[in-house]
Every structure is written in structure tokens, then in C-alpha cells.
Protein chains: 2
Amino acid sequence: MVVATLKQVAAHAEVSVQTVSNALNAPHRLRPDTLARVNASIELLNYRPNRNARSLRTSAVELIGYCVPSWPNQTHLVMDQFLHALCAAAERTGRHILLFTAPPGVEGMPVYDDLHARRLVDGFVLSQTETRDPRHGWLKEKKIPFVSFGRVWKESTQPGAWVDVDGAAGSALAVRHLYETGRRRIAFLSWPKTSGLAEDRLDGWRSTCAELGLPTAGLAVRCREDTFAEGARATAHLLDSPEPPDGIVALSDILALGALRELTRRNLTPGRDLGVTGFDDSPLADVAAPGLTTLRQPMDEIATHLITTLTTQSHAAHLLHPTLVVRGSTAPG
Amino acid sequence: MVVATLKQVAAHAEVSVQTVSNALNAPHRLRPDTLARVNASIELLNYRPNRNARSLRTSAVELIGYCVPSWPNQTHLVMDQFLHALCAAAERTGRHILLFTAPPGVEGMPVYDDLHARRLVDGFVLSQTETRDPRHGWLKEKKIPFVSFGRVWKESTQPGAWVDVDGAAGSALAVRHLYETGRRRIAFLSWPKTSGLAEDRLDGWRSTCAELGLPTAGLAVRCREDTFAEGARATAHLLDSPEPPDGIVALSDILALGALRELTRRNLTPGRDLGVTGFDDSPLADVAAPGLTTLRQPMDEIATHLITTLTTQSHAAHLLHPTLVVRGSTAPG
DNA sequence: CTGAAAGCGCTTACAG
DNA sequence: CTGAAAGCGCTTACAG
């Protein structure tokens, strides 16, 4: 299919190519009648500006790189939600998302560098941020634009802009909700200490319990990995203790589902006998009987902040708040 | 960050830009010593070819468009697997995936057209193919390159190339596996008739049951939507019938999980009292107690075929085979 | 095997 | 308000 060029439109409208370019990029510079004539030609010839030519000239490709994560042991159940939100937010600014794969950590950085140097992307959205994530410093030093979904934890400052969801606030919402439904011994299912995300959410649980005068000693359990079996194992451990909990805040929907499974196995009814909450409002939450109360991340808000922060090259930091989606797993006890 | 250009490399190596370009794109044309000198300069100056300039000249962007799906009621639990495989396959040919959003059906076609006309992408990978999907014909008529993941069902021929997984073969694997573990009344949980995917898998169930001399009458249930609750409802209906089944092949992991829930609710043990299988090997399959036997789509193979078919512009059709992943839900009865 | 030149389709100062 | 010209960084026939 052959497409019209600026030159052809100019010839058709009997103006210079410059004027057609202005009609597109700075219409206020044209006299109304000229603009109308040019627009008519554009319409008639079904003209679409060649983005490569534009990018070559302006050295901006309007493409944002995003590394598609692949974890062997970790499932990303809300990735489709995130990607859709990110894509929609990018499109609202005339941009698009370019997907790529790269090894994790610093080993993947040459891939980022290459994509940027070859002008395939203007910058990057980072996610799956890890403790002392090496990517941020690396990109900053190379002066490659980026924004991070997730903080580099336990650092007062971190290189570059970031957007994140307040995990401690999430735990607080969960604990208070369980408290309001009558729970007084609320446990926490966590991940290994290496996860900053886990520490943040754990802190929220601990401080909120303290505020409400609830016990925490012996009620935090570390799971080895984010699996159903680990959630069940940790729950079994808690239930077998001398003073079992009546509420469980789990760090993820998967751990929470593991907890639900263990309850069911012991003929306990989630919601009635024990309140359970998860994190992320993944599709799982709706699938589990009797529905999992969970913390939803504001995906559209996250995506919008990521894109605007990246494209304005601001060094902003946005800490957003999750919301609690209440389902059967925390029916009043 | 300022990057070196071809011109600068040429000056440094004391050759013409043409020779540097050849060193990159047709190294065999250079004398070995010239090539070595040019490569040394490329290395030294850390030269990376500007892709926009290249694309402008060759009018190929090496980018493949993929529309990120968003369903209100349908969860796509293996999308991260699919996207990662697709991305990796594209990169093996020096290409990348560009993500975009578009309204479903024919209303979204102007978006596809625009992306192609503005040279943001060379072509498209279509997924979530629907019965009489209007996109295929539309793209073909516009001569926009594409390949479809999924057949336009119930048509002997369809516009363009496609790759798909044989759903009937999947059902056959599931039925035979259940048969081998002692099941003799195998039911099928389906979707509404509008889904070609559902009809394909249903047919496989029906014909394999016939081959094995198993009954099918009254054993196929249509679920209204792909939810946990619908799977449970259909299972309840089957279990309440005069002749309840001893095996269930579900059209999706979600329906299968619904079935498992209903079994558990009735104090039946999946695997022991009834065999249950799903489709897709989503993360759910590993999460459900006691593990869901399910049909895995060969993601890497799918992705590789999609990319090579699209980039070679062939009109190939590839029907791939799923594999059965056996877990506790079909433990011998 | 190597080089000079044209051109891909835009945008951007700069004149008029 | 409009236009002629240069140039973004490559590749591609075409000579030599």
C-alpha cells in the first residue's frame, strides 16, 4: 500500500511542504483558509505522517521500553491489567510501549543501553524493582530517562523518579478491617527479608497492630516463596501454635489462597472462623471460595503517573494508596 | 548522551560511510583488513546505528504490533507467558513488539491502519480471534501484514496466515487420560456456542468418548461465562443428575477450579472420587488443591511460528498440539 | 573491494 | 503568514 507524502499533500493543496508540516504541528501559524485547504488535502489523500522521518529529525521516537518479566517461580497475575493501563496512559500522550526481554539485574543493562542508543526507545518504565536494584543507578549515570514502578527500598533517596503503592498503608487497611470485623489476633504471612515490598507491608501490619493494642509476637511467619503450598504451610504452623490467630493478613493473594486452603482442609470456614486478606486483587481473589478480601492497586493512576513523570522528565515521587476490596474471606466473624 | 554516527566512524577508520554501512550489513564485501579496521573504530566509538534512519531508508521498522486485550469478565492468566514468548521470538529475528490498545472488532481497525500507515509497525500479531473475526479480512484487503493466533472458526479458509493449538486434540488427551485412570462417565464443561474454541474442544471430547465407547448424552453443560461460580454451578447440576459423572473435562482452568470447589463443598475428593482436567496450565493449576491436571499450550513454539510466519509473509497454517500436565486432580480413582 | 552521490520523509531555523 | 533550503543518519544502486 502506497501512502501519500508531505510533498504530495503540499502539491495537492498548492502550498509548500513547510506549510503542511505547520498545519499538522502548529496550526495556529496558518491563516484559517489555508489551514482548511491543507486539511482538505490531507483528508482526501488520507495522509499519515511517517513517524520514522519525524523521529529521525526530532530524535524522539515516542516509544517507551518495558522489559517483560519472566519469573520461574513467581506468577504475575495482574500483569495484563498493568500493561493495559500503561499502554492506555502512553497512548493518551501519543506514545506507545515497546516490549523487550533482558536478563535480570545489572546483566540486562546492555540491552537497555542498546535500545536507547539505537533510538528504539526514548526511555524506560522499570518494574519488579528489587532491593538495591542496580538498574536505577546505571541508567541515571548513562543519562538514560527512566521511571521506576517501585522504590529501591531502605534508601532515603534513590536515583530517578518513582511511583509506588504504599504497602504499609495497605496492611493498615487490612488490619483495621479485620479488627472491625471482630478479630483480635491478627497474623501476617510474609516473604523472605530480602524483599523490600515485604518489609514495607510487614511494618504496616506491625505498627497498626500496635496502635490498636493487638499482639504481634509470634504472629509473623516468613514464607520461603510465593506459592500456595507455602501459604498453607505457614497457616498450619500458626494454627498449631498454642494461641492461634483469628485473622491473617497475607502478603499476596497466592499466600492468602494457601491460607484458605489450609482452613478448608481443617474444616474451618474462612470468613466465619478466621478472616483472611491478600494483596493485589488478582483474578484469583474472585475465584477463591468464598472470595478473597484483598488490596487493589490503583492501576490507572499508577500508569498515568509513570508516563507523565517519564515524559516530563521530572524527578517526582508518587506514593499512591491501595484500596480494600471486601469479599467473603472476611465476613464478620 | 551523544552517540557516534556512521560518518564519525568512517572518518575515524578512514573509509567512506558506505564501507562502514557494509561492514555492518554486508561484511563479506569488505577486505578482511578493512573490516577489522572498521570494526575497531565501531568498537572504540561505541557506535550504534540509528534505527530511525535505517527505517526511513528501508521503510521497515522491525516492530510488530500487538493489541493488549482487556476483558471486563475474562481473565487472561497466561498472557505474561505468551507475551514473553512472543517478545523473545521477535528478538531472535532482531524485532520487537509494540503494544497498543484498540476497541474490539471492526471498530478498532482504524487504529491498526493508522499504526501501519504511520510506519510504527510492519505488521500485526492478532490474538483473541473470534468467530467471524472481522479483522482478518479487513487487514488482508488493506494489504497490511498480519498473522493470527487462532483460527477464524468454522470457515474452511480464512484470510491470512494463522497458528493455532488443536483444541480437539487437547480434549482427546484429557478424555483418554481420564479413561486410563478408570473413569467411564466423563462430562464436559463448555462455554456458549458462539465460541469456536469451545466448539473445537467440545468436538474432541465428543468424538473421543465415542471412540472409547463412553456415553455423552446429558454430559455436556454450557456455562454462561468463564467464571469460577459457573464452573461450580455446572458441576452441581451434573452431580445432582440421576447418573452423575466420574470425570470432568473443563474448557478452562477457571471452570475446572469451579468444579473442584463444588466437589470440595460436597466432601468429595478431587482425584479420588472424580477426575477433573482444565485447559491452559495457568498459574491457577498449580495453586488449586490438589493441583489441576491441565492442557499446556506450547507457548514458545506458538510464538516462534507466529513471528517467522509474519516476517516471511508466508500464508502458512500451523496447528500445534497441547500437552497434558498431570497433577493431583486426576490421581487414579 | 571501495567511494561519491542521491534520497528516504520529515522539521526547523531563517528569509521574505 | 508562507516558502526555499538544509539536514536528521542511514542505505542503495552505480561507478570506478
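Scope of the values below: all heavy atoms of this structure, side chains included, with no hydrogens, waters or symmetry mates. Here is the naming used below: chain letters follow the sequence lines, and residue numbers restart at 1 for every chain. Keep in mind that what you see is a predicted model, and the values were worked out from it rather than measured.
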Taking for Leu35(B) and for Ala53(B) the nucleotide of DNA chain C with the nearest heavy atom, the one nearer the 5' end belongs to Leu35(B)
Of dC10(D), dG9(D), dG3(C), the nucleotide closest to the side chain of Leu56(A) is dG9(D)
Is it the case that atom CZ in Arg29(B) sees more than 12 heavy atoms from other parts of the structure closer than 6.0 Å? no
By the Watson-Crick or G-U definition, both distances under 3.5 Å, dG3(C) is matched with dC14(D)
Go through the steps for Leu77(A) and Asp280(A) under the test side-chain contact (heavy atoms from CB on, under 4.5 Å), then give the verdict.
CA-CA 9 Å; Leu77(A) 296 164; Asp280(A) 276 359; over 6 Å; no
Among the nucleotides dT11(D), dT2(D), dC10(D), whichever has the atom closest to the side chain of Asn25(B) is dT11(D)
Which of dC8(C), dC14(C), dC8(D) is nearest the side chain of Arg57(B)? It is dC8(C)
Among dT2(C), dT12(D), dG9(C), the one nearest any side-chain atom of Ser21(B) is dT12(D)
Taken to the nearest whole Å, CG/Leu6(B) to P/dA4(C) is 14 Å
Looking only at dG9(C), dG3(C), dT11(C), the nucleotide nearest the Thr58(A) side chain is dT11(C)
Whole-Å distance, Asn22(B) CG to dT11(D) P, equals 9 Å
- Any Thr5(A) side-chain N or O less than 4.0 Å from OP1/OP2 of dG9(C): no
Taken to the nearest whole Å, CG/Asn52(A) to P/dG9(C) is 11 Å
Practice problem: Answer yes or no: is there a side-chain heavy-atom contact under 4.5 Å between Ser16(A) and Thr19(A)? | Solution: yes
Winner on side-chain proximity to Pro49(B), out of dA4(C), dG3(D), dC10(D), is dC10(D)
Rounded to whole Å, CD of Glu14(A) lies from P of dC1(D) at a distance of 20 Å
(message) Does dC1(C) have its OP1 or OP2 closer than 4.0 Å to a side-chain nitrogen or oxygen of Arg31(B)?
(response) no
Looking only at dT11(D), dA6(D), dG3(D), the nucleotide nearest the Ser16(A) side chain is dG3(D)
Report which part of the nucleic acid Ser55(A) touches: base, sugar-phosphate, or nothing (heavy-atom distance under 4.0 Å, all strands).
nothing
TODO: Compare all side-chain heavy atoms of Leu126(B) with those of Asp133(B) and state whether any distance is below 4.5 angstrom.
DONE: no
From NE2 of His28(A) across to C1' of dC1(D) the rounded distance in Å is 11 Å
note: Arg48(A), atom CZ; dC8(C), atom P; distance rounded to Å ~ 20 Å
When rounded to whole Å, the CZ to P distance for the pair Arg37(B) and dC1(C) reads 14 Å
Of Gln18(A) and Lys7(A), the one whose closest nucleotide on DNA chain C sits nearer the 5' end is Lys7(A)
In whole angstroms, the gap separating C1' of dG16(C) from CZ of Arg29(A) amounts to 16 Å
The single option from Phe100(A), Phe149(A), Tyr66(A), Trp138(A) that satisfies ring pair (Phe, Tyr, Trp, His ring centres under 6.0 Å) with Phe124(A) is Phe100(A)
Closest to the side chain of Val17(A), out of dT11(C), dG9(C), dG7(C), is dT11(C)
* **Working for side chain to side chain donor-acceptor pair (under 3.5 Å), residues Asp281(B) and Gln297(B)** => CA-CA 8 Å; Asp281(B) 194 22; Gln297(B) 315 232 28; over 6 Å; no
